[in-house]
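The block underneath contains the structure these notes are about, expressed in structure tokens.
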Amino acid sequence: MKSVVVYFSRGGSTRKIAEAIAAELASEAVDVTKQKPDVSGVDLLVVGSGTYGEKPGKELVSFLDGLAPASGRRAACFSTCGFVRPPRSIAEIRSLLESKGYTVVGCYDCLGKFLLKNRGRPSEEDVMRARE
């Protein structure tokens with residue numbers, strides 16, 4: 001199964017989760033601000049973002065808006081957040097994927113660090129759950 005993990009992260013929490021998921025899937029984690037992900041021929045697209053004002057990062061939304069229709073292809077989504085769980089960003093990512101024809105097979109969220117809050121998050125337990 002060919003997969004790719006695409007993410008946006010400002011503070012590093014989402015990157016940590018993206019890299020754990022990518023390692024588990026034996027795929028790559030691609031930061032949308034550093035390169036344009038190639039999702040052609042991908043069996044599973046995994047997409048994640050930190051939560052900013054209860055929304056996913058604009059950079060990730062822009063990537064999702066630019067996706068070609070993908071009827072019948074599978075996707076999963078994840079998000080880190082500083083406060084509200086589950087974050088509203090998950091619902092928006094899911095909706096954007098579904099609007100492109102993806103079947104969302106799962107979602108995951110966990111706390112991420114935010115300023116002086118949630119130090120040590122995502123924790124090793126959060127990373128383990130993401131891998132699962």
Applying side chain to side chain donor-acceptor pair (under 3.5 Å) to S49 and S79, what does each step give before you reach the verdict?
CA-CA 5 Å; S49 177; S79 184; 5.8 Å; no
Face-on cation placement of R10 at Y52 ring, 6.0 Å and 45° thresholds:
yes
Find out if a path of hydrophobic residues (ILVMFWY) with successive side-chain heavy-atom gaps under 4.5 Å connects I93 to L45.
yes
Could you point out which residue of V61, L60, V47 forms a side-chain contact (heavy atoms from CB on, under 4.5 Å) with L96?
V61
Separation between OG of S95 and CD of E92, rounded to the nearest 0.5 Å:
7.5 Å
Show the numbers, then the answer: is there a side chain to side chain contact (heavy atoms under 4.5 Å, CB included) between Q35 and E28?
CA-CA 12 Å; Q35 71 184 76; E28 66 176 318; 4.3 Å; yes
Would a hydrophobic clustering, with Ile, Leu, Val, Met, Phe, Trp and Tyr connected at side-chain separations under 4.5 Å, put V39 with M1?
no
For C107 and R94, which heavy atoms make the closest approach, and how far apart are they?
SG-NH1, 3.5 Å
For the student: nearest non-hydrogen atoms of K100 and L64, plus distance
CE-O, 3.3 Å
For a quick test of reading the model, state the closest non-hydrogen atom pair linking R73 to G41 and the distance between them.
NH2-N, 4.1 Å
Beyond-backbone contact of D38 with V4, side-chain heavy atoms, under 4.5 angstrom
no
Between I21 and A130, what is the shortest heavy-atom contact and its length?
CG1-O, 3.7 Å
Separation between CD of E24 and CZ of R131, rounded to the nearest 0.5 Å:
5.5 Å
Hey, are the side chains of R15 and D31 touching, using non-hydrogen atoms and a 4.5 Å cut-off?
no
Between the side chain of S9 and the main-chain N/O of G12, is any donor-acceptor distance below 3.5 Å?
yes
In terms of hydrophobic clusters joined by side-chain contacts under 4.5 Å, are F63 and V42 together?
yes
With a 4.5 Å limit on heavy-atom distance, are the side chains of V104 and E98 in contact?
yes
Are L97 and V30 connected into the same hydrophobic cluster when the rule is that any two of I, L, V, M, F, W, Y join if their side-chain heavy atoms are below 4.5 Å apart?
yes
Cluster overlap I17 with V5, hydrophobic side-chain contacts below 4.5 Å
yes
Do V46 and C77 have side-chain heavy atoms sitting under 4.5 Å apart?
no
Minimum heavy-atom separation for S27 to S3, with atom names?
CB-O, 3.0 Å
Please report the closest heavy-atom contact between V105 and A76, naming both atoms and the distance.
CG2-CB, 4.5 Å
With side chains defined as the heavy atoms from C-beta onward, is the minimum distance between F78 and Y7 less than 4.5 Å?
yes
Evaluate the side chain to side chain donor-acceptor pair (under 3.5 Å) criterion for residues T80 and T14: first the C-alpha distance (whole Å), next the side-chain angles of each, then the deciding distance (0.1 Å), finally the verdict.
CA-CA 6 Å; T80 59; T14 306; 2.6 Å; yes
Can you confirm whether more than 12 heavy atoms, excluding those of K2, are under 6.0 Å from its NZ atom?
yes
Around K55, counting heavy atoms of other residues, nucleotides and ligands shown, do more than 12 lie under 6.0 Å from its NZ?
no
Given side chains that start at C-beta, do those of Y108 and R129 come closer than 4.5 Å, heavy atoms only?
yes
